[in-house]
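These notes concern the structure reproduced below.
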Amino acid sequence: MLDLRFVRENAEAVKAGLSRRGVSLDLTEFLALDAKRRAVQQEIETLRRKRNEVSEEIGRLKKSGQPAEDKVAEMRAVGDTITALENSTREAEEAQRNILLTIPNLPHVSVPDGKDENDNVEIRRWSPQGEEPPKFAFEPKPHWDLAEYLDIIDFDRAAKITGARFALYKGMGARLERALISFMLDLHTMEHGYLEVLPPFMVNKTSMTATGQLPKFEEELFKVENGTYFLIPTAEVPVTNIHRDEILAEESLPVLYAAYTPCFRREAGSYGKDTRGLIRQHQFNKVELVKFSKPEDSYDELEKLTANAEEVLKRLGLPYRVIVLCTGDMGFSSAKTYDIEVWLPAQNKYREISSCSNFEDFQARRGNIRYKAKGGKKTELVHTLNGSGLAVGRTVVAILENYQQSDGTVIIPEALRPYMGGADRIVRRDGKS
RNA sequence: GGAGAGAUGGCCGAGCGGUUUAAGGCGGCGGUCUUGAAAACCGUUGAGCGAAAGCUCCGGGGGUUCGAAUCCCUCUCUCUCCGCCA
C-alpha cells in the first residue's frame with residue numbers, strides 16, 4: 001500500500017510511476033474524497049474537544065451539587081452531531097482504503113521499463129563450465145519421461161487421488177524432494193545466517209492482505225470451506241506476518257528467516273500451460289527466504305538474498321541465469337524483482353526457479369511492521385524482502401533433466417549425496433536401467 | 001465438545017463511570033558517583049493523525065451515558081479444569 005499522504009501530495013508522480021507498469025490510474029475521485037474526509041475529520045475533532053471540556057465541567061458541577069441539566073442537554077445534541085459525522089466519514093475512510101489496497105507498488109528507478117516478459121533484462125549467466133550450459137551428446141528427455149521410467153513420480157495416481165496438477169512422489173523421488181529441502185535449509189541457516197521457521201500452512205484474511213494477495217488476487221487462492229482461512233500460496237505470507245503490528249529494535253535488523261512450506265495455488269488462468277510434469281502444480285514445496293531490513297539497506301539486502309538463492313544452484317551444479325523483471329512483468333507488491341531461471345535442456349530454455357523481490361515499505365505499511373532506531377524518537381516502516389531459495393519441485397525437474405544419462409538413469413549431484421544416504425545415482429528399483 | 005477465568009504501553013501489573021492528562025515495577029536512554037563497571041541515587045521513556053491547537057488508541061466490533069479502560073452485547077484469542085483425540 002502506498003502512503004495516503006504521499007499519494008495526496010504527489011499524485012502526478014504516483015500516476016507517472018504506475019504508468020511505467022502500464023497501469024493508468026484516475027485519482028480525481030480519490031483526491032476529492034480525501035479532501036472532504038479531512039474537512040469532516042476537522043469538524044469532528046473540534047466538536048469532540050468541546051464535548052470533552054464541557055463533560056469535565058459537568059462532572060465538577062455534579063460533584064459540588066450544582067445543576068447541570070442545560071449543559072447535559074447541549075452535549076447530548078453535540079454527541080448526536082458527532083455520531084452523524086462519524087458515520088459519514090467512516091464510509092469515506094473505507095472507500096479510500098479500498099482504493100489504496102488495490103494500487104500496485106511503484107517500481108524502483110533501476111527497474112527497466114517494459115510491457116511484458118519479453119522486455120526483462122538478463123543480468124548474468126552461470127554454468128559449471130563458465131556461462132553457457134553444457135551440450136548433450138544425446139537427445140535429453142523431458143523430466144516426466146525420466147520420472148516415469150525411473151518410477152519416482154506418479155502423475156496418474158495423483159490425478160486419481162486428487163486431480164490434475166498434483167504429484168505422487170515415490171522411492172528415490174520422494175527422497176530427493178526431502179533431501180533438497182534439508183540441503184537448502186542447512187545451507188541458508190548454517191552458512192547464510194537465516195533462522196529456520198516452520199509456520200502455519202493456513203493463514204487468515206488479515207495476513208493475506210498485509211502481503212498483498214488480498215483483496216485483489218483471491219481467485220489465485222484456495223480458501224478452506226469451514227472457516228475463514230486460506231491455504232498459503234507461498235511461505236512469504238505467514239513468515240512476513242510474523243512481525244505484523246510489531247515494532248522491531250533497530251539492532252535486530254536485518255531479521256532473516258528461512259522456511260520450508262508447501263504452497264497451494266489455484267493457477268486460474270493458466271489452463272493449457274505446462275500441463276505435463278512438475279513445473280506447474282496446485283501444491284508444491286518451496287524453501288523461502290524472508291528479510292526485514294532498514295530502508296537504507298534494502299537494496300544491498302536484495303543483492304545478498306539473490307546471491308543466497310543462486311548459491312543453491314551453484315552447489316548443485318545447475319546452469320542458470322538471473323534476469324531483472326521489467327516494470328510491466330513485476331508482481332503487484334514488488335518495487336524490484338530478480339528472477340533466477342534454471343536451464344532445462346529438454347525444453348531448451350531457462351525456466352523460473354526463484355523470484356527475489358524488494359517490497360520496500362509496501363507490505364510493511366499494510367502489515368504495520370515498524371522499527372525504532374536506538375535512542376530515536378520516531379518509528380519507521382521496515383522494508384520487507386523475500387525470495388525462493390528455491391522452489392523444490394522445479395529443482396527436482398532441473399536435476400533430472402541436467403543430470404540424466406543416456407541410459408535413463410540420473411546422477412545425484414555430489415552436494416546432495418549425504419542427504420540421499422550416500423547414493424550417487426537414481427536407478428530403477430528393479431535394477432534394470 | 002462442556003465449565004470457568006482473563007486480554008491494559010517493549011515486558012510485568014494497578015485501575016472497575018468524572019484530578020487516568022493510564023499508578024507502580026522491570027527493561028531502555030541520559031546523568032551523579034566511580035580508574036572503569038556494578039550497585040545506589042536523580043531525570044527521562046507508548047503509538048497514530050495534525051502546521052499547531054488538539055483529537056484518537058486500554059484485544060476487535062457494536063451499544064448505554066453529558067462523560068467509558070471501567071457498565072452491556074458480540075466476536076477473536078489466551079489460560080485452568082473435564083471429556084475426546086494424533
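Keep in mind the model is a prediction, meaning the values are calculated, not measured. Hydrogens, waters and symmetry mates play no part in the numbers below; they use all other heavy atoms, side chains included. All chains are named by letter (A, B, ...) in the order of the sequence lines, taking the proteins before the strands, and each is independently numbered beginning at 1.
Regarding Leu47(A), its CG atom lies at a distance of 17 Å from the P atom of G54(B), rounded to whole Å. Rounded to an integer number of Å, the gap from Gln66(A) CD to C66(B) C1' is 16 Å. Summarising the geometry, the separation between CZ on Arg8(A) and P on C49(B) is reported as 11 Å, rounded to the nearest angstrom. Rounded to an integer number of Å, the gap from CD of Glu43(A) to C1' of G54(B) is 16 Å. Asp34(A) has its CG atom 13 Å from the C1' atom of G50(B), to the nearest Å. At whole-Å resolution of the value, CD1 in Ile82(A) and C1' in G63(B) are 16 Å apart. Look at CG on Asn368(A): it is 15 Å from C1' on G60(B), rounded to the nearest Å. Residue Gln41(A) contributes atom CD, which lies 10 Å from atom P of U56(B) at whole-angstrom precision.
Atom CG of residue Leu400(A) and atom CG of residue Asp145(A) lie 11.0 Å apart, to the nearest 0.5 angstrom. Within the model, atoms OH of Tyr403(A) and CG of Leu416(A) stand 9.0 Å from one another, a figure rounded to the nearest 0.5 Å.
Regarding contacts with the backbone of C55(B), a side-chain N or O of Asn52(A) is found under 4.0 angstrom from either OP1 or OP2. For Lys372(A) and A47(B), the shortest distance from a side-chain N or O to OP1 or OP2 is below 4.0 Å. Checking the phosphate oxygens (OP1, OP2) of G67(B), no side-chain nitrogen or oxygen of Arg76(A) falls inside 4.0 Å. Dashed line: the shortest gap from a side-chain N or O of Thr46(A) to OP1 or OP2 of G54(B) is not under 4.0 Å. A close approach under 4.0 Å does not occur between any side-chain nitrogen or oxygen of Arg48(A) and OP1 or OP2 of C66(B).
Nucleic acid contact class of Glu74(A) (heavy atoms, under 4.0 Å, all strands): none. Backbone-only contact: Arg51(A) has heavy atoms under 4.0 Å from sugar-phosphate atoms and none from a base. No contact: Arg60(A) has no heavy atom under 4.0 Å from any strand.
No N or O donor and acceptor, one from the side chain of Glu56(A) and one from the base of G18(B), sit under 3.5 Å apart.
One P atom belongs to U80(B), the other to C26(B), and the distance between them is 29 Å to the nearest Å. Taking atom P in both G13(B) and A39(B), the straight-line distance is 24 Å, to the nearest Å. Comparing the same atom, C1', in U20(B) and in G15(B) gives a spacing of 8 Å after rounding to whole Å. For G18(B) and A68(B), the C1' atoms lie 10 Å apart once the distance is rounded to whole Å. C77(B) sits 25 Å from C57(B) when the P atoms are compared, rounded to a whole Å. The same atom, C1', is picked in C71(B) and in U65(B); the two are 10 Å apart, to the nearest Å.
Side-chain atoms of His243(A) and Tyr257(A) form a donor-acceptor pair, as typed in the model, at a separation below 3.5 Å. Residues Asp154(A) and Tyr169(A) have side chains that never bring a donor and an acceptor to within less than 3.5 angstrom of each other.
The backbone N or O of Val290(A) sits nowhere less than 3.5 Å from a side-chain atom of Asn386(A) that would complete a donor-acceptor pair. Although no hydrogens or angles enter the test, the distance criterion places a donor-acceptor pair under 3.5 Å between the side chain of Lys216(A) and the main chain of Thr102(A). Panel note: side chain Thr240(A), backbone Val237(A); no donor-acceptor pair is recorded below 3.5 Å. Side-chain N or O atoms of Glu401(A) include one that pairs as donor or acceptor with a backbone N or O of His143(A) at under 3.5 Å.
The shortest distance between side-chain heavy atoms of Pro233(A) and Cys263(A) does not fall below 4.5 Å.
Toward the 5' end of RNA chain B, the nearer of the two residues Ile44(A) and Tyr229(A), judged by each one's closest nucleotide, is Ile44(A). Nearest-nucleotide assignment on RNA chain B puts the 5′-proximal partner with Asp3(A), out of Lys50(A) and Asp3(A).
Using a 4.0 Å cutoff on non-hydrogen atoms, no part of residues 196-209 of chain A comes near RNA chain B.
Applying the side chain to side chain contact (heavy atoms under 4.5 Å, CB included) criterion to Arg244(A), with sequence neighbours excluded, gives Asn204(A), Thr206(A), Ser207(A), Ala210(A), Asn241(A).
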Query raised in the report: Can you give the dot-bracket line for RNA chain B, where a pair is Watson-Crick or G-U wobble with both atom distances under 3.5 Å, crossing pairs use [ ], and | marks a partner on another strand?
Result: ((((((((.[[[..)..(.....]]]((((((.......))))))((((....)))).[[[[[..)....]]]]])))))))....
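With G50(B), A53(B), C66(B) as the candidates, the nucleotide lying closest to the side chain of Arg49(A) is A53(B). Set against A47(B), G67(B), G54(B), the side chain of Glu45(A) has G54(B) as its closest nucleotide.
Between Asp151(A) and Arg428(A) there is no salt bridge, since none of the side-chain N atoms of the basic residue sits less than 4.0 Å from a carboxylate O of the acidic one.
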